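Notes follow the structure.
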Amino acid sequence: MHSKSHNLSPFPSLPHSALETFSSTMASQTQPEAPSKNVGPEYRPTTQKPLATVSTALKHENVHVLPQTPQLIALLTMIRDKNTGRADFIFHSNRIIRLLVEEGLNHLPVLEHTITTPVGRTYAGVKFEGKICGVSIMRAGEAMEQGLRECCRSVRIGKILIQRDEETAKPKLYYDKLPEDIATRWVLLLDPMLATGGSALMAVQVLKDRGVPEDHILFLNLIASPEGAKNFAEQYPKVRVVTAFIDMGLNEKNYIVPGLGDFGDRFYTM
Ligand code: PRP
Ligand code: URA
């Protein structure tokens, strides 16, 4: 582990004071302590910004963590809280999902596109190159479909039903229904929780078996464990992962900690 703060942070946009807090916490490598930073608007002095737990930093090149902004941390605080009811859980999850989709789209290639404005001037812009589709890992991944549709009207969405065994946490594939021409599309794979990584890895294999190149898959995820992110990065280094947060780890039941519990239950049935 380096001791210089500018080498440590995956969040280059953080103010220097935040980096100091972040790096000093991360430097104590012997204790697997959650990293923290002072959270609040940049114009506020550090002493007026509360200290909050932020995402663990990982070195995998294909894993992109959303900037740990006050807004994101507040939204995550809401959905992690066991006392948050279903309506608030859905509302605040949807806001994070929207951030993930918007950031995910930044990872797709664009082409030059120059247009003429109503006042007769040209503007040198860009447009997306190629076709996309979403693929949700049922059930929890379906919760992310609305956020994708809000950004990409009439986007095609495929489904893969994978369920973890409640005892062993091993994934089982039950069903898939994917667009016929999926091999020619960029695929946004949707699942809010990456725990052991078993389900997402299985879903990527289904996509690859259907001819989707690994580097045309983008995995959008709310919370990942370091183990899941590592498994993913090692097995499919060309799949880009966009996540809101890398948590501390897994518990004895392979649930993410501190996590938020069972996403599917909290979104659909609790
Ligand atoms: C959850 C979650 C992921 C998977 C993550 O789904 O939505 O798909 O577990 O765990 P893993 O990384 O260890 O595979 P679950 O199978 O519980 O089904 P659900 O979507 O119906 O809740
Ligand atoms: N699935 C969830 O919904 N939550 C976890 O923590 C792990 C798997």
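When a ligand or atom number is given, it counts from 1 through the structure's own listing order. All of these numbers come straight from a predicted model, not from anything done at the bench.
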For atom 17 (O) of ligand 1, the option (of T196, D262, T269) bearing the nearest heavy atom: D262
Expected output: side-chain N231 to main-chain T196 donor-acceptor under 3.5 Å: yes
Check: every ligand 2 N/O to protein N/O pair under 3.5 Å:
| residue | atom | partner | partner atom | Å |
| --- | --- | --- | --- | --- |
| ligand 2 | 3 (O) | F263 | N | 2.8 |
| ligand 2 | 4 (N) | G261 | O | 2.8 |
| ligand 2 | 6 (O) | I256 | N | 2.8 |

Step-by-step salt bridge (Lys or Arg N to Asp or Glu O under 4.0 Å) determination, E145 to K159: CA-CA 10 Å; E145 293 177 4; K159 311 256 184 184; 2.9 Å; yes
Reported CD-to-CD1 distance for the pair E150 and I97, which is rounded to 0.5 angstrom: 9.5 Å
Distance from atom 8 (O) of ligand 1 to nearest protein heavy atom, with residue and atom: D191 OD2, 2.5 Å
Residue pair D209 / Q205, side-chain donor-acceptor N/O under 3.5 Å: yes
Protein contact for atom 2 (C) of ligand 1 (heavy atom, distance under 4.0 Å): yes
Those atoms of ligand 1 less than 4.0 Å from some heavy atom in Q163: 16 (O), 18 (O), 19 (P), 21 (O)
Enumerated ligand 1 atoms positioned under 4.0 Å from heavy atoms of A140: 7 (O), 20 (O)
Atom 6 (O) of ligand 1: any protein heavy atom closer than 4.0 Å: no
Any donor-acceptor pair under 3.5 Å from H216 side chain to V212 backbone: no
Inter-residue atom distance N221.CG - L189.CG, 0.5 Å rounding: 9.5 Å
Check: S55 side chain, I246 main-chain N or O, donor-acceptor pair, under 3.5 Å: yes
Ionic contact status for K131 with D181, cut-off 4.0 Å: yes
Polar atom proximity, A195 to ligand 1 (N or O, under 3.5 Å): yes
Whether E166 side chain and R164 backbone form a donor-acceptor pair below 3.5 Å: no
For atom 4 (C) of ligand 1, the protein heavy atom that lies nearest, with its residue and separation: S199 OG, 3.5 Å
Sub-4.0 Å heavy-atom contact, G197 with ligand 1: yes
Value rounded to 0.5 Å, distance of CG in N62 from NZ in K238: 11.5 Å
Test item, N254 contacting ligand 1 (heavy atom, 4.0 angstrom): no
Shortest heavy-atom approach to atom 16 (O) of ligand 1 - which of R164, M193, E142: R164
Distance (rounded to the nearest 0.5 Å) between H107 NE2 and H64 NE2: 4.0 Å
Heavy atom of the protein closest to atom 22 (O) of ligand 1 (residue, atom name, distance): R139 NH2, 3.2 Å
Scan the side chains in residues 259-270 for donor-acceptor partners under 3.5 Å anywhere in the protein, sequence neighbours excluded, and list what turns up.
| residue | atom | partner | partner atom | Å |
| --- | --- | --- | --- | --- |
| D262 | OD1 | G264 | N | 3.1 |
| D262 | OD1 | D265 | N | 3.0 |
| D262 | OD2 | Y255 | OH | 3.2 |
| D265 | OD1 | R139 | NH2 | 2.8 |
| R266 | NH1 | I79 | O | 2.8 |
| R266 | NH1 | L260 | O | 3.0 |
| R266 | NH2 | D81 | O | 2.8 |
| R266 | NH2 | T84 | O | 3.3 |
| Y268 | OH | A143 | N | 3.0 |
| T269 | OG1 | D265 | O | 3.3 |

